[in-house]
Amino acid sequence: MHANTRLTKRYTVVDNHLAQHRELTLIAIGLAVHIQSLPAGARIGIKCLTARFPESEARIASALRELEAAGYLERTRERLPSGRIVTHTVSYNQPPTLRRAEPVRVRPPRPKPKPDPEPTPAPATAKPPPPPLPQPLSPDPDRHRVAADLLAGLRCHDPRLLLAEHDVRRLAPGVATWLERGAAPDSVRHALTANLPEAPRHPAALLAHRLTALLPPPLPPTPAVVRPHPFQNCERCERAFRAPEPGCCRDCDPNASATSTHCRYVAAPRPHHVHIPQAPAPQLHDPRERGRVRRVRA
């Protein structure tokens, strides 16, 4: 069981070939680990190592020879310019023979990741064309002229609705359709000018949309009013009845029209006009008599 701590500084990497070597003594393995932990240029002579460890010079010298025989150390003698001879030692964490024996592992090149396919742009959905302007059912030059005047006069109510001449000609049939369906010119003007945006980009397009989207339905047909026949007085019994022409009622004439109907009120007899001449008023000269006559007349 190992209680390992992750090291981030002051550590040495040792190959298991050295740490678990079966031919080296424990002193040689420990001395090789110590030498590998030293910085380059450190002194590792026998006297220096004897001063560092309690082992004797003989044991340390024997361990150095073991490491040199196993290929972990390489010692060469060099003569300095001063004439002094020194031993230059090179430490290997792996013996050269082991490095030659092991095949060099060449990592296969990593395949380059395939570039992501470019996203296929979604097909641009074409905007549906605007609905056509409503057209009147029957041409009427007077109505068309009123529609054109209404459109041209919108700028008097709102300066933002200044239309070009060709826009007036294009929108006039739509306004004429509103007028044909019974809308008053003031109602059409209010529908086109109410709740406008602050700065309309295309006033003509805005008016075309309102003329199409807010088109009122046609007025329902006016029901035909059936007028009853006029009253007629029976030529025989003076009874009131309804008939298209004068004549007799059904009681007096069984062959009378079935459309004639009796009235529940009987017509009053026609009065006889009698002319009664009036005597001229007497000429009175007395003022008192005149006042009396006036009172009598009153």
Practice problem: Kindly write out the residues that satisfy side chain to side chain donor-acceptor pair (under 3.5 Å) with Q232, not counting sequence neighbours, or none if the list is empty. | Solution: none
Quiz item: Which residues pass the side chain to side chain donor-acceptor pair (under 3.5 Å) test with H190, sequence neighbours left out?
Solution: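 For H190, no residue satisfies side chain to side chain donor-acceptor pair (under 3.5 Å) once neighbours in sequence are set aside.
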For a quick check under 3.5 Å, do [X] and [Y] share a side-chain donor-acceptor pair by atom type?
X    : Y    : answer
N233 : E238 : no
R189 : H157 : yes
S138 : E180 : yes

Quiz prompt | Sequence neighbours excluded, every pair satisfying ring-ring contact (aromatic ring centres under 6.0 Å, His included) that has a member inside residues 193-214 | solution = none
Result block: side-chain N/O donor-acceptor pairs under 3.5 angstrom for residues 25-35, not counting sequence neighbours:
{"unit_1": "T25", "atom_1": "OG1", "unit_2": "A28", "atom_2": "N", "d": "3.3"}
{"unit_1": "T25", "atom_1": "OG1", "unit_2": "E66", "atom_2": "OE1", "d": "3.0"}
{"unit_1": "T25", "atom_1": "OG1", "unit_2": "E66", "atom_2": "OE2", "d": "3.4"}

Tell me if a side-chain donor or acceptor on [X] pairs with a main-chain N or O of [Y] at a distance below 3.5 Å.
X    : Y    : result
R242 : P228 : no
R236 : C252 : yes
T212 : A208 : yes

Quiz item: Quick one: are P134 and P173 in side-chain contact, heavy atoms under 4.5 Å?
Solution: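 A side-chain contact is absent here, since even the closest heavy-atom pair is not under 4.5 Å.
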Quiz item: Does some side-chain heavy atom of R75 sit less than 4.5 Å from a side-chain heavy atom of H88?
Solution: no
Quiz prompt | Members besides L214 in its Ile/Leu/Val/Met/Phe/Trp/Tyr cluster (side-chain heavy atoms under 4.5 Å) | solution =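 For the cluster that includes L214, the remaining residues are L133, V146, L150, L151, L154, L161, L163, V168, L171, V175, W178, L179, V188, L192, L196, L206, L207, L211, L215.
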Practice problem: Before giving the answer on side chain to side chain contact (heavy atoms under 4.5 Å, CB included), spell out for R181 and L219 the whole-Å C-alpha distance, their side-chain angles and the decisive distance to 0.1 Å. | Solution: CA-CA 6 Å; R181 297 192 176 191; L219 293 176; 5.9 Å; no
Practice problem: Sequence neighbours left out, what passes salt bridge (charged side-chain N to carboxylate O under 4.0 Å, His left out) with R59? Give chain and number order. | Solution: none
